[in-house]
Amino acid sequence: MPVRVRLAPSPTGYFHVGTARTALFNWILAKQDPEGVFILRVEDTDPERNREEWVEAIYAAMAWLGLDYTGPFRQSENAPSHAAALEALRAAGSLYYCDCTPAEVDARKGAGAPPGYDGFCRERGLARSARTALRLRTPDEGVIVVPDLVRGEVAFQASAIDDFVVARSSGEALYALANVVDDRDDRITHVVRGEEHLANAPKQMLLWSALNAATGLEVPPPVFAHLPLLVNEQRKKLSKRRDPVALEMYRDQGYLVGAVLNYLALLGWSPRGEDEIVDMATVVEQFRLEDVAHSPAFFDVRKLTAFNGAYVRALSPEGFAELCRPWVDPGEVPWRPSGYRPAWDEDHYDADLFSRLVPLIQERVARLDEVPAMVDFFFLDAPAHDEAAFDQAVRRDPLGRAVLEAAAGAYGALEGFTAEALHATTLELAGSLGLTLRKAQAPIRCAVTGRLVGPPLFESMALLGRERTRARLAAALARA
RNA sequence: GCCCCCAUCGUCUAGCGGCCUAGGACACCACCCUUUCAAGGUGGCAGCACGGGUUCGAAUCCCGUUGGGGGUGCCA
């Protein structure tokens, strides 16, 4: 039987990095089977919380990740099938109407009682009304076994599962039922999702058997695979409220999709051998659900960033330059990071110059959004004024001014304004002042680039040109 | 409360009874290289939660304890 998997996100907020990992694992499974199918199904059955912009965010995220799928489908489109399933279950006696409000249930149980429905309406034989929800009659004893490829068989006490609601009083199916009906209709073979859904699995198993019994169908239920949760430093499930979970944010910060995918694959799984930097083809080749770890994984941005740096360095210079454009090119570009503000005017930007800068900066950034600050002094009339740096390297340094004066003179007399010549000359003037090159380059760097760290100084000055370099040395002298 | 899951360096993990003196990666530290910063190289720090079993032998199997986490909606 060909693998049929799905991603079933709800459009209630940003596309979560955890959703991205779930998507990736599902996609991998489908890719491993020549006939595998990966479905994207947007679970939009809660009109209260859904927003169309979040639906778009799901599509955008999937497109960026490059995970191809069948669809997208909307759960709401399958409402007729949900209704038919509801009717079949009701006719078979698996369901009953309930008009209890949560407050009423709580009141009956008394303050401080454990949560859960008390079965009050189970035998009341209520008829449908505008305020009756439909509940599933669940078994009171026995165990429900959930087949799980990651964890083995997980057994649940039936007594701990109360009669849950499958349809709102409005008549619409709820997630619990809609999800199962859709998985049945889509002939899903593997339900791969986060561990927060593990507790739903026994309920869904119950629904599967009730549904098959009520409809006379014999669709085999899927096998489950509950992936370890992604957690924050406090070991809590990543939350949209306080953790940086929006996939979009990582794209905005200049994380490369390959690095993100690679890192995500390593959360709960690891490739054979010692190399952790692996391409998706390798992952598809080696991945097995049975090998997925059982314990929660901390989403470590520092490691992601280290991976990103490796991916950035592996780019061709041309590829790197192209990928940098959303951050550095004020003109027309394929897309923009949210909150983008041009770092310099369009008429100051020089794509050709930037491409010559690439070798100086590519191995120095781990994220693409670091690039503007690294090259701004080329595209700005005056370099950034980091006063603290200027104080340290020029004003407070007893020889700061002397170095700048010597450089201004020596650079003016240079025959060829090349990196090699600048290097040699600077070495010389440093020596005559009794300084090491390391010490002497600081005030010059600060005067020319505005900063204490940046791309190699002599190469930078050569590209900047004699006039602009000397003008900056003079300007710095005037400020010192 | 109840149900369920989990437990190897700070973090992600390898390990599926002897190959473990517990391996790798990120982070951190030191040194080397060096025009700053990176990158790169070398080395280092650091872990099997605890207690019982089972076994000739346990990080690996079983039980318990402790500790984390998830779920417990007319949300998904």
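Any value given below was found using the heavy atoms of this structure, including those in side chains, with hydrogens, waters and symmetry copies removed. Computed from a predicted structure; not experimentally measured. So you know, we letter chains A, B, ... as the sequences are listed, proteins then strands, and number each from 1.
- Spacing of P atoms, B/A25 relative to B/C6, comes out at 29 Å, to the nearest Å.
- Ring planes of A/F417 and A/Y411: perpendicular class, angle over 60° (limits at 30 and 60°).
- Across the C1' atoms, B/C63 and B/A76 are found 37 Å apart, a figure rounded to whole Å.
- When the P atom is compared between B/G64 and B/C56, the two are found 24 Å apart, to the nearest whole Å.
- Aromatic ring centroids of A/Y255 and A/Y311 lie 6.0 Å or more apart.
- Nucleotides B/C28 and B/A38, compared at atom P, are 10 Å apart to the nearest Å.
- If you check every strand for non-hydrogen atoms under 4.0 Å, A/L229 touches sugar and phosphate atoms only.
- Taking 3.5 Å as the limit, the base of B/U11 and the side chain of A/E233 contain no donor-acceptor pair of atoms between them.
- Residue side chain A/E195 does not reach the base of B/G70 through any donor-acceptor N/O pair under 3.5 Å, judged by distance alone.
- In this entry B/G1 has B/U72 as its Watson-Crick or G-U wobble partner, both defining distances falling under 3.5 Å.
- Using a 3.5 Å distance cut-off with no hydrogens or angles, the side chains of A/D44 and A/N50 do not pair a donor with an acceptor.
- A gap of 13 Å separates the P atoms of B/C37 and B/A30, to the nearest Å.
- Ring orientation note: the planes of A/F320 and A/F354 are close to parallel, at an angle under 30° on the 30°/60° scale.
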